[in-house]
Amino acid sequence: MSPIILLSFLVAYFGVLLAVSYFTSKGSADNSTFFVANRNSKWYMVAFGMIGTALSGVTFISVPGAVGASNFSYFQFVLGNAVGFLIIAYVLLPLYYKMKLTSIYTYLEERFGYLTYKTGAGIFLVSRTIGSAFRLYLVAIVLQHFIFDAWNVPFAITVTLCLVLIWLYTNKGGLKTIIVTDTLQTTFLVTAVILSIYFMAKGLDFGIVETFEAVKESSYSKIFFWEDFIGSKANFWKQFLGGVFVTIAMTGLDQDLMQKNLSMGTIKEAQTNMITFTSVFVVINIFFLAVGALLYIFAEKNGIDVSTLATRDYLYPEIALNHLSIVPAIIFMMGLTAATFATTDSALTALTTSFCVDFLNFNKKENPNDPALVRKRNLVHLTFSVIMLLVILVFKLINDDSVVNAIFTAASYTYGPLLGLFIFGLFTKKAVNDKLVPYICVASPLILFFLNTYVISVYTNYVIGLDLIIHNALITVILLWLTSPGKASEKALSHNAF
């Protein structure tokens, strides 16, 4: 497909987002609007928009691409995600609303102390920057391969262009703009998935019933893998439990998605949002797996040699852009762009919010909407855009793993200590040695990495998969317990879960 056509679509797409930004930030672009959308967001818009944020380009490309090697085993992880979302709705959200938080990491200061608070917020900044950079990298390499390579545009320019456009439409309205653009982008994403199935089925001369049967009867449709708990990453319990705890850490303890929940007026609306979001999330992932099966069936029937692709992540764009008509090609680009930019724009807003509240103490200022603070927020927003650009360029130099595995492995190492801190705070009555917490949060992933690399993988047959985050959090909890000076104060325990 012509790179000119694809580029024209991208220009038009961002034109729409910039128009949305203009109208949502018009007459109100202060810090209250940017951080919490004035706390009057509609739950149904947030619920739908969160789909695009939670899925990202990783789900859009890598999950279908991975079906060839791992069948539908990813759905075991999705089932764990669903349980994790319910825990967030009925354990974490009531706490956040009770404390009336803008940044969820303020909880750590109330429960443990100043250094623990800064450590938790710092873990989020590092984790979210890395995770969002990986996600944007995935789309950038596709844009580079199928559009910008035709004009020999350097990869750095491609990424810079993406980040500049995202910065432009999020800079003023922040979360208020994000909620509207995420709703729009999720609409594009869901439409793209459904129409991708339709056009591939049409290319295979399948009707609706035949498409369903072809996916069901294919060798790719196996979901549950109960065997080999020790040696297989695909084992149900590893995938399921990993899904539960990855969700709690990467959603419930992540300022990005929780910021949207905190923008609503009441806890009931926030919980309704999470339940609705969970239902749609599970269904849409079934569609993504169906896309994956159809991709491989289509490739087999049309003589496409998957082994010649540099990565399985290229299979979906290869078929959509080079083996179907112009309409499905544009639909693919629409879904891919919507999925990834919905994640990146939301992440930049959350990173800016966390840094301004947790490190620049905007929430403690007499007038948080002072024009000088607004200008400072704009500078922070720009700085994180630059940092993300640098991380993406570094990742391109060193990455030699699939994007899905890279993201979840990195997230499990970085989010593990944060999960351990919240578990210790919510479910024990002990205090922590506040001065030691930063060292514990660094030591925990290092200890796990050492044990996994030099002990577990060498002397046992156990293979750590998505359950890595569980082991990481457990080590953190043990170290916090061993160094605890005793029982916490009654004031601190008022922020306990029960």
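Between Ala82 and Val282, the shortest heavy-atom contact is CB-CG2, 4.0 Å. Across every non-hydrogen atom of Leu419 and Ala249, the tightest pair is CB-CB, 4.2 Å. Asp358 and Asn361 get closest at one heavy-atom pair: O-OD1, 4.1 Å. Pairing each heavy atom of Gly80 with each of Thr247, the nearest pair is O-OG1, 4.5 Å. Between Thr476 and Gly416, the shortest heavy-atom contact is OG1-O, 4.2 Å. A pairwise comparison of heavy atoms in Gln271 and Leu93 identifies N-CD1, 4.4 Å as the closest pair.
Proximity of a side-chain donor or acceptor of Asn81 to a complementary backbone N or O of Gly243 within less than 3.5 Å is detected. Looking only at distances, no side-chain donor or acceptor of Ser484 sits under 3.5 Å from a matching main-chain atom of Lys430. Using a distance-only test at 3.5 Å, with no hydrogens or angles considered, a donor-acceptor pair links the side chain of Ser444 to the main chain of Asn472. Not a single donor-acceptor pair under 3.5 Å links the side chain of Gln239 to the backbone N or O of Gln76. Judged purely by atom type and a 3.5 angstrom limit, Asp228 uses its side chain to pair as donor or acceptor with the backbone of Gly231. Proximity of a side-chain donor or acceptor of Asn235 to a complementary backbone N or O of Trp237 within less than 3.5 Å is detected. Not one N or O on the side chain of Ser70 forms a donor-acceptor pair closer than 3.5 Å with the backbone of Ser73. When atom types are taken as modelled, the side chain of Asn452 and the backbone of Leu448 share no donor-acceptor pair closer than 3.5 angstrom. A donor-acceptor pair is defined here as one N or O able to donate and one able to accept, closer than 3.5 Å; such a pair exists between the side chain of Gln255 and the backbone of Ile104. A donor-acceptor pair under 3.5 Å is absent between the side-chain atoms of Thr428 and the main chain of Gly425, judged by distance alone.
Residues Phe225 and Glu227 are in side-chain contact: their nearest non-hydrogen atoms beyond the backbone lie under 4.5 Å apart. The shortest distance between side-chain heavy atoms of Tyr96 and Ile267 does not fall below 4.5 Å. Using a 4.5 Å heavy-atom cutoff, the side chains of Ile88 and Met258 are in contact. Side-chain atoms of Leu474 and Ile470, non-hydrogen and from C-beta on, never get closer than 4.5 Å to each other. For the pair Ile223/Asn71, no side-chain contact is recorded, criterion being any heavy-atom separation below 4.5 Å from C-beta on. Counting heavy atoms from C-beta outward, Lys376 and Leu360 have side chains that approach closer than 4.5 Å. Looking at Ile87 and Leu92, their side chains never come closer than 4.5 Å, going by heavy atoms from C-beta outward. Residues Leu348 and Ser385 form a side-chain contact, since some pair of their non-hydrogen atoms from C-beta on lies under 4.5 Å apart.
Partner of Phe14 under the side chain to side chain contact (heavy atoms under 4.5 Å, CB included) criterion, out of Leu165, Leu168, Val164: Leu165 alone. Screening Leu479, Thr414, Thr119, Leu436 for a side chain to side chain contact (heavy atoms under 4.5 Å, CB included) with Cys441, the sole residue that qualifies is Thr119.
Aromatic rings of Tyr74 and Phe77 (six-membered ring for Trp) have centroids within the 6.0 Å cut-off, being under it. If you look at Phe277 and Phe85, their ring centroids are closer than 6.0 Å. Taking the six-membered ring for Trp, Phe124 and Tyr105 have ring centres closer than 6.0 Å.
Atom CZ of Arg111 and atom OG1 of Thr106 lie 15.5 Å apart (nearest 0.5 Å). For the atom pair Thr349 OG1 and Arg377 CZ, the distance stands at 9.5 Å (nearest 0.5 Å). Distance CG/Leu418 to CG/Leu108: 7.0 Å, rounded to 0.5 Å. If you take CD1 on Ile423 and CG on Leu426, they are separated by 8.5 Å, rounding to the nearest 0.5 Å.
A tilted orientation is assigned to the rings of Phe112 and Phe424, their planes being inclined by 30° to 60°. Between Phe384 and Phe355, the ring planes are perpendicular. Angles over 60° get that label, and only those under 30° would be called parallel.
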Assess whether side chain to side chain donor-acceptor pair (under 3.5 Å) is satisfied between Asp434 and Thr116, documenting all intermediate values.
CA-CA 6 Å; Asp434 192 41; Thr116 303; 2.6 Å; yes
Does Phe422 form a ring-ring contact (aromatic ring centres under 6.0 Å, His included) with Tyr107? I'd like the steps, not just the answer.
CA-CA 9 Å; Phe422 272 83; Tyr107 162 78; 5.2 Å; yes
Under the side chain to side chain contact (heavy atoms under 4.5 Å, CB included) rule, what do Leu482 and Ile478 come out as? Steps first, then yes or no, please.
CA-CA 6 Å; Leu482 292 175; Ile478 292 172; 3.9 Å; yes
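Atom CZ of Phe359 sits in a crowded spot, with more than 12 heavy atoms from other residues, nucleotides or ligands closer than 6.0 Å. Phe229 CZ: more than 12 foreign heavy atoms inside a 6.0 Å radius. Other residues, nucleotides and ligands place no more than 12 heavy atoms under 6.0 Å from the CG atom of Asn461. At most 12 heavy atoms of other shown residues, nucleotides or ligands fall within 6.0 angstrom of atom CZ in Phe287.
Within the cation-pi definition used here (under 6.0 Å to the ring centroid, within 45° of the axis), Lys222 does not qualify as a partner of Phe72. A cation-pi contact links Lys238 to Tyr462, judged by a cut-off of 6.0 Å to the six-membered ring centre and 45° from its axis.
Salt bridge present: Asp254 and Arg128 bring a charged side-chain N and a carboxylate O closer than 4.0 Å.
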